[in-house]
Amino acid sequence: MNKATLLNALNDYLLHIQLDPIGDITSKINAVEACRNYVVAIDGDVVNADWVKSNCIIILPAITCYRKALKDNIDEAKLSGDENSLSELCTEYRDLQSYLDLLKPFKKFFA
């Protein structure tokens, strides 16, 4: 699973939760930062599936949030005719699917 895509999702989620905080979000920020720091420290470009599953409480909302942002950016790129951006955004959107497939059994806990 792509490390850069997960980092982008975690960074986007971190910004999202800080922009619209509901209550005390300190523990959530710390958890997202810990996940992000772990992913940054990984050698290579592949994130361990077991680690992703064990951190699903952070990763699943991050990926869901990032997919929404990517969808909006894809729509903008389509409207503007920016084929290069569109291609990059669509690739990243597809890369997130492997994470969603892995975490599918856990989605029922977040519904």
Side-chain angles (χ1 to χ4, degrees):
M1 289 186 277
N2 187 306
K3 174 180 169 179
T5 300
L6 182 56
L7 278 175
N8 289 340
L10 290 168
N11 286 329
D12 183 74
Y13 185 56
L14 188 58
L15 287 173
H16 176 75
I17 61 175
Q18 290 175 340
L19 289 175
D20 193 19
I22 299 173
D24 184 13
I25 59 167
T26 305
S27 61
K28 188 181 280 190
I29 289 171
N30 291 340
V32 175
E33 287 178 342
C35 285
R36 184 182 61 185
N37 292 341
Y38 177 83
V39 173
V40 166
I42 294 172
D43 288 333
D45 190 38
V46 178
V47 180
N48 181 300
D50 289 334
W51 179 84
V52 171
K53 288 178 186 176
S54 68
N55 289 282
C56 70
I57 196 164
I58 297 299
I59 295 173
L60 188 56
I63 289 170
T64 302
C65 181
Y66 191 49
R67 279 177 59 102
K68 289 177 186 175
L70 283 174
K71 177 72 170 106
D72 292 341
N73 292 339
I74 287 169
D75 291 343
E76 283 182 33
K78 285 179 182 176
L79 290 173
S80 69
D82 187 350
E83 294 297 322
N84 290 334
S85 290
L86 181 60
S87 176
E88 290 174 14
L89 291 166
C90 287
T91 298
E92 193 152 5
Y93 191 85
R94 281 189 303 271
D95 287 347
L96 288 174
Q97 189 60 47
S98 62
Y99 289 102
L100 288 176
D101 292 343
L102 180 66
L103 297 174
K104 188 175 184 177
F106 302 99
K107 278 185 150 183
K108 63 184 173 191
F109 299 115
F110 297 99

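Positions are given from 1, in the same order as the sequence printed here.
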For this session: Look at the side chain of S80 and the backbone N and O of E76, then say whether any donor-acceptor pair between them is shorter than 3.5 Å.
Result: yes

For the atom pair [atom1] ([X]) and [atom2] ([Y]), what is the distance rounded to the nearest 0.5 Å?
{"X": "Y99", "Y": "C56", "atom1": "OH", "atom2": "SG", "result": "14.5 Å"}
{"X": "N8", "Y": "D12", "atom1": "CG", "atom2": "CG", "result": "8.5 Å"}
{"X": "N11", "Y": "L6", "atom1": "CG", "atom2": "CG", "result": "9.5 Å"}

For this session: Quick one: list whatever passes side-chain hydrogen bond (donor to acceptor under 3.5 Å, both in side chains) with N73, sequence neighbours left out.
Result: none

Write down the atom of [X], the atom of [Y], and the distance for their closest heavy-atom approach.
{"X": "A49", "Y": "L102", "result": "O-CD2, 3.7 Å"}
{"X": "H16", "Y": "C65", "result": "CG-SG, 3.5 Å"}
{"X": "C35", "Y": "N55", "result": "SG-OD1, 3.8 Å"}

Under 3.5 Å, which donor-acceptor pairs do the side chains of residues 23-31 form with other protein atoms, sequence neighbours left out?
from : atom 1 : to  : atom 2 : distance (Å)
D24  : OD1    : T26 : N      : 3.2
D24  : OD1    : T26 : OG1    : 2.7
N30  : ND2    : T26 : O      : 3.3

Problem set entry | Those residues that, when tested against Y38, pass ring pair (Phe, Tyr, Trp, His ring centres under 6.0 Å) (two or more places apart) | W51

Report the residues that fulfil side-chain contact (heavy atoms from CB on, under 4.5 Å) with [X], sequence neighbours left out, ordered by chain and then residue number.
{"X": "N84", "result": "D82"}
{"X": "K78", "result": "I74, L86"}
{"X": "D72", "result": "none"}
{"X": "T64", "result": "L60, K68"}

Side-chain contact test, heavy atoms from C-beta onward, threshold under 4.5 Å: evaluate it for [X] versus [Y] and give yes or no.
{"X": "I63", "Y": "I59", "value": "yes"}
{"X": "Q97", "Y": "L100", "value": "yes"}
{"X": "L70", "Y": "L96", "value": "yes"}

Exercise. Mind checking what makes salt bridge (Lys or Arg N to Asp or Glu O under 4.0 Å) contact with D75, not counting sequence neighbours?
Worked result: K71

Exercise. Can you pull the salt bridge (Lys or Arg N to Asp or Glu O under 4.0 Å) pairs that have at least one residue in residues 84-105, sequence neighbours excluded?
Worked result: none

For this session: Only pairs at least two apart or in different chains count here, so list each salt bridge (Lys or Arg N to Asp or Glu O under 4.0 Å) that has a residue in residues 32-59.
Result: none

Going only through I, L, V, M, F, W and Y residues with side-chain contacts under 4.5 Å, is there a path from [X] to [Y]?
{"X": "L89", "Y": "L79", "answer": "no"}
{"X": "F106", "Y": "V32", "answer": "yes"}
{"X": "I17", "Y": "I22", "answer": "no"}
{"X": "V40", "Y": "L10", "answer": "yes"}

